[in-house]
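Just so it is clear: chains get the letters A, B, ... in the order the sequence lines come, proteins before strands, and each one is counted from 1.
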Number of protein chains: 2
Amino acid sequence: MEWIFRPDAPIYTQLYEHLTLAIVSGTFPPGGRLPAVRELAVDAGVNPNTVQRALSELERDGLVYSQRTTGRYVTDDAERIEQERRKLAEGRARDFLAAMQKLGYDRVQTVVLLEKMRGERKEQ
Amino acid sequence: MEWIFRPDAPIYTQLYEHLTLAIVSGTFPPGGRLPAVRELAVDAGVNPNTVQRALSELERDGLVYSQRTTGRYVTDDAERIEQERRKLAEGRARDFLAAMQKLGYDRVQTVVLLEKMRGERKEQ
DNA sequence: GTTATTGTATTAAGTGATTAGTACAATAAC
DNA sequence: GTTATTGTACTAATCACTTAATACAATAAC
């Protein structure tokens, strides 16, 4: 995994987001074991505590759990993972619509804009 | 104007965004004079320099200009303002589509989700 | 039962950015 | 020409947050 950190946000935040996406998109499959804290830390070139912090948040979200001496695992609950994916998507959508509304775009205008932007994006 | 600042972001940033929206949405009309730095500062309950910083960014964007002793004014150039509004909207849309793609939503699914969220939002 | 590997807790240091204080500069108004 | 009002510049202090260092705890493996 390629770790590149922007300087404008905390490392642990970026780790957290990367890992969340990796789980939600299936890169780390349900029930699978994650690399150990120290392993991830070496891999990413950061302090173990920084990784620990990111993983704690994932645990808080219920996406991973830890077993004291064997390591950390992605939750078995595939439904939970899918639920998280939907929750993240709806949050994004909600924020987006609110921002567009503040800019004076009603929903129709918003969708029209999205359609107009077709072709700009890679693939999809 | 009601100034409420969240603790999770710099005040000057929030001022900048508020003021940008006020200009772009016509609350501060083109060519109109803005309140003085010290006036805004008292109104918002912050240090004048904090207001100054936000206004500097607006100036950098070309949305306002200052005349040394008479005050600051919104640009006359209505086209420029509309251009900024579009630019902001397109930026939001771009970021949104990118985030949704990372979550595994293609464009069709994204629009479907937006439609499904109708009724949740006030007015519009 | 010893050891190695795992996660966890606690504390401290560093770092950077935001905000405030204060003084300066320009000019419109009278 | 004086004054009041405006924007501007510079420096310093505060503050909060992130990261690192270090030590502890649990248990699987042998």
Enquirer: Mind listing the residues from residues 48-59 of chain B sitting with a heavy atom below 4.0 Å of DNA chain C? Number order is fine.
Expert: B:Asn49, B:Thr50, B:Arg53
Enquirer: Quick one: which of B:Leu58, B:Thr27, B:Leu34 gives a side chain to side chain contact (heavy atoms under 4.5 Å, CB included) with B:Val74?
Expert: B:Leu34
Enquirer: Using a side-chain heavy atom cutoff under 4.5 Å and only I, L, V, M, F, W and Y, what cluster partners does A:Val111 have?
Expert: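 B:Val111, all in the cluster of A:Val111.
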Enquirer: Run through DNA chain C and report every stem of 3 or more consecutive Watson-Crick or G-U pairs, distances under 3.5 Å, ordered by first number.
Expert: C:1-30 with D:1-30
Enquirer: Mind listing the residues from residues 27-46 of chain B sitting with a heavy atom below 4.0 Å of DNA chain D? Number order is fine.
Expert: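 DNA chain D contact set from residues 27-46 of chain B: B:Arg33, B:Ala36, B:Val37, B:Arg38.
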Enquirer: Rounded to the nearest 0.5 Å, how far apart are CD of A:Gln52 and CD of A:Glu59?
Expert: 8.0 Å
Enquirer: For B:Val51 and B:Val37, work out which heavy atoms get closest and say how close.
Expert: CG1-O, 4.1 Å
Enquirer: Are more than 12 heavy atoms from other residues, nucleotides or ligands located less than 6.0 Å from atom CZ of A:Arg72?
Expert: yes
Enquirer: Please report the shortest heavy-atom distance between B:Asp8 and B:Arg6, naming the atom on each side.
Expert: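 That would be OD1-CB, 2.9 Å.
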Enquirer: Going by number, which of residues 60-75 of chain B have a non-hydrogen atom under 4.0 Å from DNA chain D?
Expert: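 B:Ser66, B:Arg68, B:Thr69, B:Gly71, B:Arg72, in order of number.
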Enquirer: Distance from B:Glu84 atom CD to B:Thr75 atom OG1, nearest 0.5 Å?
Expert: 11.0 Å
Enquirer: Could you tell me which non-hydrogen atom of B:Pro30 sits nearest to which non-hydrogen atom of B:Asp76, and how far apart they are?
Expert: CB-O, 4.0 Å
Enquirer: Taking the side chain as C-beta and beyond, is there a heavy-atom pair between A:Val112 and A:Tyr105 under 4.5 Å?
Expert: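 Answer no - side chains too far apart.
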Enquirer: Show your working on side-chain contact (heavy atoms from CB on, under 4.5 Å) between B:Tyr16 and B:Asp61 and close with a plain yes or no.
Expert: CA-CA 11 Å; B:Tyr16 169 64; B:Asp61 294 342; 2.4 Å; yes
Enquirer: In this structure, are over 12 heavy atoms from other groups packed under 6.0 Å from B:Glu115 atom CD?
Expert: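 Counting other residues, nucleotides and ligands, CD of B:Glu115 exceeds 12 neighbours.
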Enquirer: In residues 7-24 of chain B, which ones come under 4.0 Å of DNA chain C, going by heavy atoms?
Expert: B:Pro10, B:Ile11, B:Tyr12
Enquirer: Any salt bridge between A:Glu82 and A:Arg85, counting N to O under 4.0 Å?
Expert: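 Yes.
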Enquirer: Begin from the C-alpha positions of B:Tyr12 and B:Asn49 and carry the test side-chain contact (heavy atoms from CB on, under 4.5 Å) through to its verdict.
Expert: CA-CA 9 Å; B:Tyr12 82 91; B:Asn49 280 334; over 6 Å; no
Enquirer: Between B:Ile4 and B:Gln14, what is the shortest heavy-atom contact and its length?
Expert: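 Taking every non-hydrogen atom into account, O-OE1, 4.1 Å.
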Enquirer: Between A:Phe96 and B:Phe96, how do the two ring planes meet: parallel, tilted or perpendicular, split at 30° and 60°?
Expert: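 Parallel.
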